[in-house]
Amino acid sequence: MRLKAVGLFLCSTVLAIVEELDDTFKDTRVDDVWLVDFYAPWCGYCKKLEPVWYDVGVELKSSGSPVRVGKMDGTAYSGMSSEFGVRGYPTIKLLKGDLAYNYKGPRTKDDIVEFANRVAGPAVRALPSKQMFDHMMKRHDVLFVYFGGESPLKEKYIDMAAELIVYTYFFSASEDVLPESVTLPELPSVVVFKDGAYFTYDEYVDGGLSSWVNKERFQSYLQIDGFTLYELGETGKLVAIAVIDEKDPTEESGRLKTLIQRVAKEYREHFNRDFQFGHMDGNDYINSLIMGEVSVPSIIILNTSNEQYFLPSEPVETLEQLVHFINSVLDGSAQAQGGDGMFQRVKRVAFDAKSTIMSVFRSSPVLGCFLFGLPLGVISLMCYGICTAESDDGQEDMELMKREDDEEEEDEEEDEPRQASGELEGPEEDGEEEEEQEEKNPDDKKAD
């Protein structure tokens, strides 16, 4: 009894941490920061996220975060879902005042909590000392910092940070916190620290501040997975990838990986504006993306904006060959494959349907037979019934027509004797009438 009571208490505590929201949420949310999971009861991914979501609620509550955690049935409150721009399930959004930030990262507790804490805080955080600056340098692989006092550049920096804080942190500091090895050409400046170096924003060379930050928010070389590749697509860069097998590394895999790393570092000035470099473990994701087969190890360049991809026409064995291949993609002389044309869209639909069916059969053959075999069986029976019904009707019509023909023939055979007897009896009746007239004529004469 005591265990049952404890269980009910814990359950009620968890439910209190993650609040079930309804249509009154629109009016009550304004004064708080909310992290909301929009879900559908029938969604498998939503059910998989549910225990993670409760862990997120517990973590934020126990750490004293001001973020409140909730969940809303998007199918029951479709008007609210549409108002917040929900187009699929599950959708995770952080609601802060009039702003709604989408979460697009991995659905793990640590990643979601880090996102919530980052976005819920100020868009630009201050670094008041060298110790704090050094601490943040060790903590972040990529660090954006504004140096200087009040200026139009700072206003642009704050506006940009409010927009792009879903991706990374932004800081501000005075020039005094910089290490002696760092010298800035002028103040104010926006600087990114990454790859063991630092790079200063130049409005005349780099264009808009948001565009520059969006392209610089990744390390020059990194390990790429499905989520990372999706985010890289928003930078507008082409992605040069060494496809390798980390579980079974070979000399060729190591060589291609090293070549990609060298290009990312040694040719930054040439390719950083247009290319992102990295490696991917295995070819499963790439194969599904291009609807083909990429050998392992190999090098491929992806254009995620239009789903085109480029493969080297010959094996890449030296740094010069790799640089030549990248330049050929950049100047348009390399042959592009794939794309988002009509043929590729139809191919994508067929490929996704095939992949879905195969994945269902691999995970649960019985379920696959039920989901796909039963409808096919019903359709086959319907087709068979339609075909046999048509053939039976046709046979009945033929038999009916034959029966009618036989009856007509019988009627004709019966009519023929009657017509023959009629022809024979007709003259005899005429003869009798003539004899009667002849017999009557003598009397008529006597009367006369």
Inset, instruction - Step by step, work out the side-chain hydrogen bond (donor to acceptor under 3.5 Å, both in side chains) result for Thr24 and Asp22. - result: CA-CA 6 Å; Thr24 62; Asp22 55 25; 2.4 Å; yes

Inset, instruction - Evaluate the criterion side-chain hydrogen bond (donor to acceptor under 3.5 Å, both in side chains) for residue pair Tyr146 and Ser151; output intermediate values, then yes/no. - result: CA-CA 11 Å; Tyr146 169 86; Ser151 68; 2.7 Å; yes

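Relative to the ring axis of Phe144, Arg217 does not place its NZ or CZ within 45° and under 6.0 Å from the centre.
A 4.5 Å side-chain heavy-atom check between Phe325 and Phe310 finds at least one atom pair inside the cut-off. The shortest distance between side-chain heavy atoms of His279 and Gln261 does not fall below 4.5 Å. Inter-residue side-chain proximity for Val182 and Val191 is flagged as unmet; no heavy-atom pair is nearer than 4.5 Å.
Tyr201 has its ring centre no less than 6.0 Å from the ring centre of Tyr157. For Tyr39 and Trp53, the distance between ring centers is not under 6.0 angstrom.
For the pair Arg68 and Asp32, the salt-bridge criterion is met [side-chain N within less than 4.0 Å of a carboxylate O]. Using a 4.0 Å cut-off between charged side-chain N and carboxylate O, Arg268 and Glu216 make a salt bridge. With salt bridges taken as basic N to acidic carboxylate O contacts below 4.0 Å, one links Arg255 and Glu252.
With 3.5 Å as the limit, one finds no donor-acceptor pair spanning the side chains of Asn214 and Ser211.
For the side-chain contact (heavy atoms from CB on, under 4.5 Å) with Tyr309, the lone residue among Leu302, Asn303, Val329, Leu289 that qualifies is Leu302.
Remark: Lys154 NZ is packed, more than 12 non-hydrogen atoms of other residues, nucleotides or ligands lying under 6.0 Å away.
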